[in-house]
Every structure is written in C-alpha cells, then in structure tokens.
Amino acid sequence: MDVVDLARWQFGITTVYHFLFVPIAIGLSLLVALIQTAWVRTGNPAYRRATKFWGKLLLINFAMGVVTGIVQEFQFGMNWSAYSRYVGDIFGAPLALEALLAFFLESTFLGLWIFGWDRLPKRLHLMCIWLVAIGTALSAYFILAANSFMQWPVGHHLAGGRAELTDFGAVLSNKVLLATFPHTIFASWLSGGILLVAVSAWHLARRRDLDVFRPSMKLGLWTALVSFALIFVSGDALGKIMTDTQPMKMAAAEALYETQQPAPFSLFTIGTLDGTEPVFRVELPNVLSWLATGSFDGRVEGINDLQAQYQDRFGPGDYRPYIPITYWGFRLMIGCGALAALIALAVLWLTRRGRLPERAWIWRLTVWSVALPVLAHSFGWIFTEMGRQPWIVFSLMRTASGVSPSVPAGTVLFSMIGFTLLYGALAVIELGLMIKYGKAAPPLDEQPRDREQLAFAY
C-alpha cells in the first residue's frame, strides 16, 4: 500500500470510530434535557433519577467523543498537509467556530450541569443541559459545513494555487449542508432513542425500577419512530441534492452503469457489480428515478456516461468510486436504520397500556437493537466519503494530491497501527463503562428538601 492508501485508511478508521460516539451524544443530550424538563415541571422524583441515570451515559460518550475527535485535527497537518494548505483558508473557518463557539458552549455548560446539582436553581440548572444540547447541534453544523465544502465547494476563488474564502455566508448556507445537517441530527435522535429503549429493556425484563424505565422506554420509542420518519423525509431531499451536485455518487449507490429513464432501485444484488449481468437481484421499479429526481419517470445518468463527461471536463483519469462499497454502504445504512425503527414500532405495540412481554427473546432483541443506529451511521458516513472519490474536494482537488509530500509510508503505517490499537483499548473501556452504568440502578432520590439539609449537603 502506498502513502495515499495508508493515510486514507488511518483517517477512515479514526473518523468512523469518532463518529460512533457523536450521534449518541447529540441524541442523548436532547433526551436528557427533555427528561429533566419533565422533572422540573412535575416534581416527580422518578424523572430526577432518570435524568441522573441517562446523564452518566451522556458523559461517557461525550468524553470519548472529545478524546477521539482531537486526533482527527492533528491528521490534517500530519498526513494531509497539502490539502490543508490548499483549502485551509476555507476549511479552518467553520472548524474554528466549532471549537471557539460550539465546543466551549457545550463543555462549559456541561461542567456547570455536572457540578450544579442542588447548587444552582432548578431552572438555571435545566438551562445548562439545554445549552449543552444546543451546543452539540451547533458543533455538528460547523463540522458539516466544512465537510459540505468538500462535497460541493462554494464561496471561494482560486488564487496562487490555493482556494481562498470569499463568502463565508455561502459556506454556511451550502445547499449540501442544509440537506445534510437535519438528516444527521434526526439520525442522532434515532441513536439516542434506541439507546434509551435498549437499556430500559434490560431493566424492564428484570422488572427493576419500573417508575424510571417505563417512561424512559416510552420516550425512546416515540423518539425513534418520529426521528425515522424525519430521516426518511430529509434523506429524500438529500438524495436529490446529491444527484444535483455529485451525480456519480448517486449512480454508484445503485451500481447503475448505463443511463436509464426510468431507473429501478435494487434492494440487493447477487453477482458482480462491475457492469456484467447480475445473477439475481430484487428491484423496485422506478424508485431510483424518484430518489434522484423526484419523478418516477426521471432520467438517471449512469456511471459510464458520467465517466466520459468527467474526462472531458477534468482530463484523463478514473472518476469512478469503488462501487461495491458505495452500493452496499447505501443499502446497509437504510436497512439498519429501518430495522431499528421496525423494532421500535413492534416494542411500542407489545408494551402498550403498561404491558411487559413475558418472552425473553423479545427483550434480548430489543437490547441488541442498540447496535443498529450505530451501524447505520457508520455505513452512511463511509458511503458519503467513499462515494466522493477520487476527489478530496469535489472538482477542485483529487485525494492523491492532498497527502503530505514528505511523510513516508512507513511513518503513516506506524501511526495508524498505534492509533488503531489505542482506539481498540478505548473501545473496551467505553463498552465496559456503558455496560457497567447501563446495568446499574438509577441513583436514589436524595434531593435536599429544606435549607438545613441543603447547608448540610454543602
């Protein structure tokens, strides 16, 4: 493997690993804020216990997200210095805002929320967790603004061999960003909702702390179902934006080699994806046309036609992404998310009117469903980035041109192995902490009830 492949592998490993925690933190921050709001409004001690219980899981994922996210920024200078010099004027602006505004907002008020229990007034303390939820969403917005420039570069001009920022407003209102951000946020809500469902299922199967985990499961189930409906709507809009900005990615998502009108969508294919006739496939007629154009009779350009167009526009080269990854990544993203929503719908029906299923396999299936949104996020992220290849910045800079020119392959390989082993150890720690605190009983209600008790607590 050459240095380009190694650098891509290293960044891919660290990015996918980091993105395991981010959606959970975004989703949980909102759900914890909602549960604490219910406690402040009703005074129900079960909601206070639930807030503290889910807050611990939020803190674990937030800490892991911070630790793993820092490494990515170093890689821009270590492995991708040519890319950093080329678009640093643009790429650095939203990243700076993410660090100076969003991250400081969420981290500062998360600290106040952690240490402010029974010290800050209830409503002020509640405001802290809501600001954390807002800060996590803002972080996602600025990060996605930087990534959306890589998908569809706007607000710049080329000067001296670099892309220089001319319109920051255009970067922050990039049409790819405006479609990607809600899709990502809704998917994060799905992750948070399913986490509530899975952990609550473990406790409810043992008939433990029903006053805490019944409402938690109900909130998680409705969050999962509503968020999946919103994912469906936002994903439809994102597909049309993707077809407009990167038609090769949409063609690769279907392994559509020849232009078709209308174009079918295959649920799965058995056989090769190199343009030969597949052995077996299940198709939905005209669905790809709808996903790409909004019309069941729409024309979808194929990989071969787009390859010829790109060669005329950008010069000789292979402009096709790796088709098997884009094809299956797209389907596994949709399939894992849909299966999570289907399980949530089934559990909502089985637990209606306060019922609790007696069969153990139902609870086990519900607990294991926690992995589905995480897998959906990972497959979606891989599809998004691999589908853009061979561009690191679409139409401006190829990936092979973005690596650091003076870093040998051996150095990248050494650091990749080191980070992978470190992240493996962190994964064990993360999983251990999540299992430990997920199985633990919610804290008892020890809220001071008068001034004398409050003073004693201090």
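Source: prediction; values computed, not measured.
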Check your understanding: Does a sphere of radius 6.0 Å around CZ in Phe314 hold more than 12 heavy atoms from other residues, nucleotides or ligands, not counting ones at 6.0 Å or beyond?
Key -> yes
Practice item. Look only at the side chain of Arg388 and the backbone of Trp391, and say whether a donor-acceptor pair between them is shorter than 3.5 Å. Key: yes
Exercise for review: Take Phe91 and Phe76 through the test ring-ring contact (aromatic ring centres under 6.0 Å, His included) and record every step on the way to the result.
Suggested key: CA-CA 11 Å; Phe91 200 76; Phe76 293 132; 5.2 Å; yes
Review point. If you draw a 6.0 Å radius around CZ in Phe232, do more than 12 non-hydrogen atoms from other residues or ligands fall strictly inside?
Key: no
Review point. In Å and rounded to the nearest 0.5 Å, what is the CD1 to OG1 distance from Ile26 to Thr184?
Key: 8.0 Å
Point to revise | Under 3.5 Å side-chain donor-acceptor pair for Ser266 and Tyr327 | key: yes
Exercise for review: Count the heavy atoms belonging to other residues, nucleotides or ligands that lie under 6.0 Å from CZ of Phe168, then report whether that count exceeds 12.
Suggested key: yes
Exercise for review: Would you please indicate yes or no on a ring centroid separation below 6.0 angstrom for His203 and Phe53?
Suggested key: yes
Review point. Going from CG on Leu375 to SG on Cys336, what distance comes out if it is rounded to the nearest 0.5 angstrom?
Key: 5.0 Å
Revision key, fill the gap. Residues passing the side chain to side chain donor-acceptor pair (under 3.5 Å) test with Trp152, sequence neighbours excluded, are none
**Study point:** Cation-pi, Trp202 ring and Arg206 (6.0 angstrom, 45 degrees)
**Key:** yes
Practice item. Quick one: do Arg331 and Glu254 satisfy salt bridge (Lys or Arg N to Asp or Glu O under 4.0 Å)? Show the steps, please. Key: CA-CA 9 Å; Arg331 276 146 190 80; Glu254 179 54 31; 2.4 Å; yes
Review point. Going by heavy atoms in the side chains, are Trp130 and Thr37 under 4.5 Å from each other?
Key: yes
Exercise for review: Could you tell me whether the side chains of Gln151 and Asn174 share a donor-acceptor contact shorter than 3.5 Å?
Suggested key: no
Practice item. Could you verify whether a donor N or O on one side chain and an acceptor N or O on the other, from Trp54 and Ser216, lie under 3.5 Å apart? Key: yes
**Study point:** Straight-line distance of Tyr83 OH to Leu396 CG, nearest 0.5 Å
**Key:** 10.5 Å
Review point. Are any of the side-chain heavy atoms of Leu426 and Tyr17 separated by less than 4.5 Å?
Key: yes
Practice item. Specify whether Phe103 and Phe62 have parallel, tilted or perpendicular ring planes, treating 30° as the upper limit for parallel and 60° as the lower limit for perpendicular. Key: parallel
Practice item. Kindly check if the number of other-residue, nucleotide or ligand heavy atoms within 6.0 Å of NZ (Lys218) is above 12? Key: no
Exercise for review: May I ask you to test the Leu20-Tyr423 pair for a side-chain heavy-atom distance under 4.5 Å?
Suggested key: no
Check your understanding: Are side-chain heavy atoms of Glu301 and Met250 found at a separation under 4.5 Å?
Key -> no
Point to revise | Heavy-atom donor-acceptor pair, Ser234 side chain to Pro182 backbone, under 3.5 Å | key: no
Exercise for review: Spell out, as yes or no, whether a donor-acceptor pair under 3.5 Å connects the side chain of Gln307 to the backbone of Tyr319.
Suggested key: yes
**Study point:** Side-chain (Asn61) to main-chain (Ala25) donor-acceptor, under 3.5 angstrom
**Key:** no
Review point. Less than 6.0 Å separating the ring centroids of Phe228 and Phe186?
Key: no
Check your understanding: Are any side-chain N or O atoms of His183 and backbone N or O atoms of Leu238, one a donor and one an acceptor, separated by less than 3.5 Å?
Key -> no
Check your understanding: Name the one of Phe330, Trp328, Tyr322 that satisfies ring-ring contact (aromatic ring centres under 6.0 Å, His included) with Phe383?
Key -> Phe330
Point to revise | Side-chain heavy atoms of Thr351 within contact of Leu221, under 4.5 Å | key: yes
